[in-house]
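Heads up: the structure comes next, in structure tokens.
Fair warning: this is a prediction, and the values are worked out from it, not measured in the lab. Just follow the structure's listing: the first ligand is 1, and inside any ligand the first atom is 1.
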Amino acid sequence: MKFPRNFYWGAASSAYQVEGGIRNNWTPYFDAERATDHYNRFREDFDIAKSLGHNAHRFSIEWSRIEPQEGEWDVHEIEHYRIVIRALRERGMEPFVTLWHWTLPQWLEKKGGWLNTDIANYFSRFCEKMAEEFKGDITFWITENEPMVYASHAYWRGDWPPKCAGIFAYLGAIRNLVKGHRAAFAAIKRTQPEAKIGIAKNMIFFEGSGADAVLARLADWWWNQRFLNLIRDYQDFIGVNYYFHDRIRNFRFNQNENKVVSDIGWEIHPEGIYKVLKSLEKFGKPIYITENGIADAADSKRTAFIQEHLRFVEMAIRDGIDVRGYFYWALTDNFEWDKGFGPRFGLVEIDYETMERRIRPSARSYRVELSP
Ligand code: IFM
């Protein structure tokens with residue numbers, strides 16, 4: 001498999017899932033505590049990524065560290081992320097920065113979080129500040145991670161903070177997430193016109209035949225396409241997070257064959273990544289796979305998982321889709337939100353007792369060969 005010369009490849013993480021010591025809107029419900037102590041061990045983690053040959057890394061800046069109280073910037077924490085970014089650059093890795101990976105400062109959650117009609121202003125103010133601070137160091141900004149996933153858990157099912165379920169809350173949160181992205185896009189561009197900005201969109205390959213195909217198209221429109229359509233003129237690239245295939249049979253979702261599943265029961269369906277990439281062709285934007293990964297504690301499926309998905313990404317590129325990068329989720333094991341520390345997504349295993357890092361064999365077989 002050969003990828004274009006400038007292709008970015010590496011792994012991803014998010015602040016709350018790895019840093020440790022964060023108190024945000026999740027903490028009262030699902031406390032990540034020390035997480036992987038990445039806040040103190042980021043150099044060690046980046047050394048590992050470098051030793052694996054990665055040329056890019058995706059991580060998030062934790063809003064609750066930067067603005068712990070409304071309107072107050074924490075210069076010490078800004079400096080911390082400056083050092084983190086420098087550490088990546090020194091190791092030859094391009095930083096891709098996520099500005100909102102599902103967490104909010106507690107003061108903002110108290111004001112209604114994503115249901116606050118002013119949240120787009122709060123968010124764009126934070127994003128603008130980050131662009132001002134880091135415009136010399138960062139090109140790629142991901143404003144929001146998987147907004148539809150967050151809205152459906154937090155405001156529809158109500159199993160994630162702020163655990164507020166209801167159709168109006170769900171629709172209202174989506175509307176504000178769209179507004180938030182647009183406002184953030186404008187704010188970053190004002191500060192840094194050359195910035196490249198997008199979101200990381202969770203994409204599901206919905207499949208159905210006959211009458212089920214109609215439902216599959218509808219689900220595709222609602223889940224995959226609508227948000228991207230609404231921010232169509234406010235993005236330089238599309239970030240794709242791909243984990244799921246959903247086969248619809250007799251008007252019922254989730255009728256997958258599940259022949260091969262991850263430790264948390266997610267079906268492995270690599271060709272779906274090709275299908276979702278194809279479905280994004282019409283936007284005419286560069287695409288980065290901002291997440292793709294598997295929970296596999298025994299590390300018995302991860303190598304094939306990565307190779308198969310990369311094979312379909314390569315096929316998409318050969319078919320003319322402008323895919324420019326791939327980030328495996330995740331560099332290390334980490335705190336998997338409501339599921340805690342059980343699922344093991346990492347290329348690198350974490351011993352949560354000692355915080356020792358152990359590189360899994362699959363990490364060494366994950367290589368993306370670039371054309372000369
Ligand atoms: O861990 C999450 C990540 O934070 C967002 N995308 C899916 C991953 C696996 O569930």
Side-chain angles (χ1 to χ4, degrees), residues 10-20 22 24-27 29-33 35-36 38 45 57-64 96-104 114 142-154 157 159-161 177 181 198-205 223-224 227 238-246 254 261-270 272-273 276 287-297 301-302 305-306 309 325-350 352 362:
S13 72
S14 91
Y16 193 55
Q17 295 180 268
V18 295
E19 286 185 357
I22 294 175
N24 59 26
N25 61 323
W26 280 77
T27 321
Y29 303 93
F30 304 106
D31 192 347
E33 297 174 353
T36 73
H38 176 76
D45 291 341
H57 185 75
R58 177 182 169 217
F59 70 99
S60 75
I61 293 181
E62 174 66 25
W63 188 353
S64 65
F96 279 60
V97 175
T98 312
L99 291 160
W100 174 74
H101 198 118
W102 294 350
T103 62
L104 292 178
W114 284 101
I142 294 163
T143 57
E144 295 176 2
N145 181 70
E146 299 184 351
M148 290 294 288
V149 173
Y150 183 75
S152 76
H153 277 282
R157 299 189 208 178
D159 53 1
W160 288 0
L177 283 156
H181 168 77
I199 65 165
K201 178 76 188 68
N202 175 278
M203 296 291 290
I204 300 178
F205 169 44
W223 186 264
N224 293 330
F227 200 99
I238 298 177
V240 168
N241 290 6
Y242 174 74
Y243 295 91
F244 302 116
H245 159 238
D246 194 331
N254 251 313
V261 294
S262 73
D263 290 352
I264 48 177
W266 296 0
E267 189 199 42
I268 299 170
H269 195 78
I273 202 167
V276 300
I287 298 172
Y288 296 89
I289 312 294
T290 36
E291 282 181 34
N292 173 233
I294 178 173
D296 176 24
K301 296 174 183 160
R302 189 173 286 104
F305 177 98
I306 297 175
H309 283 82
Y326 176 94
F327 293 85
Y328 176 80
W329 181 270
L331 178 62
T332 61
D333 291 337
N334 57 70
F335 182 70
E336 180 59 16
W337 307 108
D338 54 327
K339 298 188 186 67
F341 290 102
R344 300 287 187 147
F345 278 90
L347 292 172
V348 178
E349 181 186 349
I350 301 283
Y352 289 108
S362 59

Please assess H181 against F227 for the test ring-ring contact (aromatic ring centres under 6.0 Å, His included), listing each intermediate value before the final yes or no. CA-CA 10 Å; H181 168 77; F227 200 99; 7.4 Å; no
Restricting to side-chain contact (heavy atoms from CB on, under 4.5 Å), what partner residues turn up for F244, sequence neighbours left out? N202, I204, W266
For the backbone of G346 and the side chain of D333, can you confirm whether one donor and one acceptor N or O come within less than 3.5 Å of each other? yes
The criterion is side-chain contact (heavy atoms from CB on, under 4.5 Å); which residues satisfy it with A200, sequence neighbours excluded? R58, I142, N145, N241, T290
Is a side-chain N or O of D296 found less than 3.5 angstrom from the main chain of K301, in a donor-acceptor match? yes
Sorted by chain and number, sequence neighbours left out, side-chain contact (heavy atoms from CB on, under 4.5 Å) with S14 holds for Q17, S60, H101, W329, W337
I'd like the contact residues of ligand 1, where contact means a heavy atom below 4.0 Å. Q17, H101, W102, N145, E146, Y243, W266, E291, W329, E336, W337, F345
